[in-house]
2 protein chains.
Amino acid sequence: MPDVNIHSLKALAIFKTLFEAGSASQAARTLGITQSGVSRSLSQLEQNLGLELFLREKNRLVATPEARELYEEILRLMGNIDELRHSVLALKEFGTSRLRIAAIPGLAFGFVPRLVAALLEDNRGFSISFDMMSSHDVLREVESGHADIGFVTLPVTSRQLRVEEWLTTHARCLVPRGHPLATRTAVNIGDLEDQYLVISNQPNVGADPLLNLATTHGIHIGGKTEANIGAITALVANGVGVSVMNPITATDQLSQRDGVVVLPFTPEIDFSFGLVYREDWKHARALEFIRACGRELLKEYPG
Amino acid sequence: MPDVNIHSLKALAIFKTLFEAGSASQAARTLGITQSGVSRSLSQLEQNLGLELFLREKNRLVATPEARELYEEILRLMGNIDELRHSVLALKEFGTSRLRIAAIPGLAFGFVPRLVAALLEDNRGFSISFDMMSSHDVLREVESGHADIGFVTLPVTSRQLRVEEWLTTHARCLVPRGHPLATRTAVNIGDLEDQYLVISNQPNVGADPLLNLATTHGIHIGGKTEANIGAITALVANGVGVSVMNPITATDQLSQRDGVVVLPFTPEIDFSFGLVYREDWKHARALEFIRACGRELLKEYPG
DNA sequence: GTATGCGATGAGTTTGAGTCATGCCTGATG
DNA sequence: CATCAGGCATGACTCAAACTCATCGCATAC
């Protein structure tokens, strides 16, 4: 029984051109080979597959329904090969074609998606997987090799990972438009006396820097709502309370939302985030590219 | 710049074996060629792709991370090629590798799925799409070429389509266990006097054969619920009423459901279903195979 | 009838995949 | 330390597959 051999893509490619061209002569011209080459390739392919692909009617080649279906299958395969080709290009250029990213929620709805878009714009060959998780889990994922790079808030401690600071800035105060504080040019911790606060629900509850700051300054707050960082601006916009958060996440979320005023906040609460990756990634050419994209991107953020 | 050529699958296959084997000599043994052939193929592939796939360390080949990624990509591609191979096999055997089926709801939850399973069991190369719709829409889909074959209740009229009767039988009466009629050995239309009926909600409301029969026999029914044919046995099982339906659909639905008794019904209400396909499909080898599968399947249904 | 375009095919040529023989290197062994 | 075994690279060669060339038969257009 003729085993369906697919030794040569060439025969498939010739068939594809032939099918598209409609005649062997035309296909030959397109391919830059002779008509006899096409004719031979076809008859050989037919023999190989055990399929009659073209009827020879009145000295013309007429595609059979089988040829039509095979053509579609081949189109699919060519697409797959194209993907492989793209992967190879990414592999050449960046040393990898697969980039698994883990990031904290504060960066996962704006900054990292934009970074991913920028990366893909330069090379469609990248196959990217992107997960959002807590800073601690980001470290674990990168350490264990389940992710290639991670974005975390600094400082972090990890013996195994390289840590690269990308940005250090200060937290801003988010105030609903119409709120008494909204007309100020800056907000001080003292202004938050008796204010209702919206804060991020971090895993370590006592670690919220704003609450700690309030405590050390003897400020009594009016109450607090903990929420996922992705929902905080929405809560602020709806007048639930005021919040203090890093300007990156704030900018990401406020780009489409009105009704929130962003003000400087004192005393300064440091916010620092960066990139982590395993030791064995230190030479990956992709890193340099990611850094460049990130630098470019950060310019678009205030501060 | 070296254009990433993927002329030969052979080189990729050799690389794959090499990667799996870990050494060129072993790969050569596996492939039944010589070590020098593998060595050449590799260095050529590396040149082609412009990638260093193996480091030559102390006279051993050591895979680079790039090689690892390429290997995974190649695995994927090989899988795709395998799919193509299967399609070709289906194409050889049945003249098609794609089968688009449209069927009426009464057959869509049991008979046709089982038929599809039987087809796939014989040849995994089939790519099947299956839709459920009204008998009228089935005809339209097949006529328009959106579906290759259709299953409908007969009789149908279509100038363009070939119609093939597969089974003619008589409708049965479905009675909830515990119902006064449940102990009978057969049910006559007269027995339905004052009974609550569950009937299929066909598009043409006045066309329900059971209701028509009742009318002509002067039978007064206690009431009726129209329901999707897929839900009728469930309604009967829960004591909503009795129903009369074709034995194929009944069997399909009752296989996992207790609480319903199926009885012969008089006078006989004919039920006939069959296959429709376009003229240009009359020679498709797949048809013969589908018929065989169908015949086999029908044996498992009662009478 | 002639010209043109298409496909098939026998004969000849080119190409490149694979083999053979060989050399180099390294790590194990006694 | 000497030897040996196993692994990779490479120059020279071989051979089959792929392609070209030349030519033929067939259909259609003018």
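None of these values were measured; they are calculated from a predicted model. Chain letters run A, B, ... following the sequence lines, proteins first, then strands; residues in each count from 1.
- With rounding to whole Å, B:Leu42 atom CG is found 15 Å from C:dA17 atom C1'.
- Regarding A:Arg56, its CZ atom lies at a distance of 15 Å from the C1' atom of D:dG25, rounded to whole Å.
- In this structure, the side chains of A:Val156 and A:Leu161 stay at 4.5 Å or more apart for every pair of heavy atoms.
- If you take CZ of A:Phe54 and C1' of C:dA8, they are 15 Å apart, rounded to a whole angstrom.
- An end-to-end axis angle of 10° holds for the helix from C:dG1-D:dC30 to C:dG30-D:dC1, taken from five base pairs per end and rounded to 10°.
- The ring-ring contact (aromatic ring centres under 6.0 Å, His included) check on B:Phe19 picks up B:Tyr71, with sequence neighbours excluded.
- Considering only residues two or more places apart in sequence or on other chains, B:Ser87 meets the side-chain contact (heavy atoms from CB on, under 4.5 Å) condition with A:Glu73, B:Ser97.
- For A:Ser36, the side-chain hydrogen bond (donor to acceptor under 3.5 Å, both in side chains) test picks out A:Thr34, with sequence neighbours left out.
- Rounded to whole Å, the distance from CG on B:Leu45 to P on C:dA17 is 11 Å.
- Between A:Arg291 and A:Glu288, at least one side-chain N (NZ, or NE/NH1/NH2) sits under 4.0 Å from a carboxylate O, which counts as a salt bridge.
- Rounding to whole angstrom units, CD of residue A:Glu46 and C1' of C:dG7 are separated by 12 Å.
- Not counting sequence neighbours, B:Ser43 has no partner by the side-chain hydrogen bond (donor to acceptor under 3.5 Å, both in side chains) test.
- One can place CG of A:Leu53 at 16 Å from C1' of C:dG7, the figure rounded to the nearest angstrom.
- In this structure, B:Glu121 has no side-chain contact (heavy atoms from CB on, under 4.5 Å) partners at least two apart in sequence or on a different chain.
- Sorted by first and then second residue, the pairs that involve residues 19-41 of chain B and meet salt bridge (charged side-chain N to carboxylate O under 4.0 Å, His left out), not counting sequence neighbours, are B:Lys16-B:Glu20.
- Contacts of A:Trp166 classified as ring-ring contact (aromatic ring centres under 6.0 Å, His included), with partners at least two apart in sequence or in another chain: A:Phe151.
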Which parts of nucleotides 13-22 of chain D does protein reach within less than 4.0 Å, heavy atoms only, written one letter per nucleotide 5' to 3' as B for base, S for sugar-phosphate only and - for none? -----SSBB-
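- Remark: B:Glu46 engages B:Arg56 in a side-chain hydrogen bond (donor to acceptor under 3.5 Å, both in side chains) (not counting sequence neighbours).
- Whole-Å rounding puts the A:Glu57 CD to D:dT28 C1' distance at 15 Å.
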Taking only N/O atoms, report every protein-nucleotides 25-29 of chain C pair under 3.5 Å with atom names and distance.
from	atom 1	to	atom 2	distance (Å)
C:dC25	O2	B:Asn59	ND2	2.7

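- The list of salt bridge (charged side-chain N to carboxylate O under 4.0 Å, His left out) pairs with a residue in residues 95-110 of chain B, not counting sequence neighbours, reads A:Glu72-B:Arg98, B:Arg100-B:Asp148.
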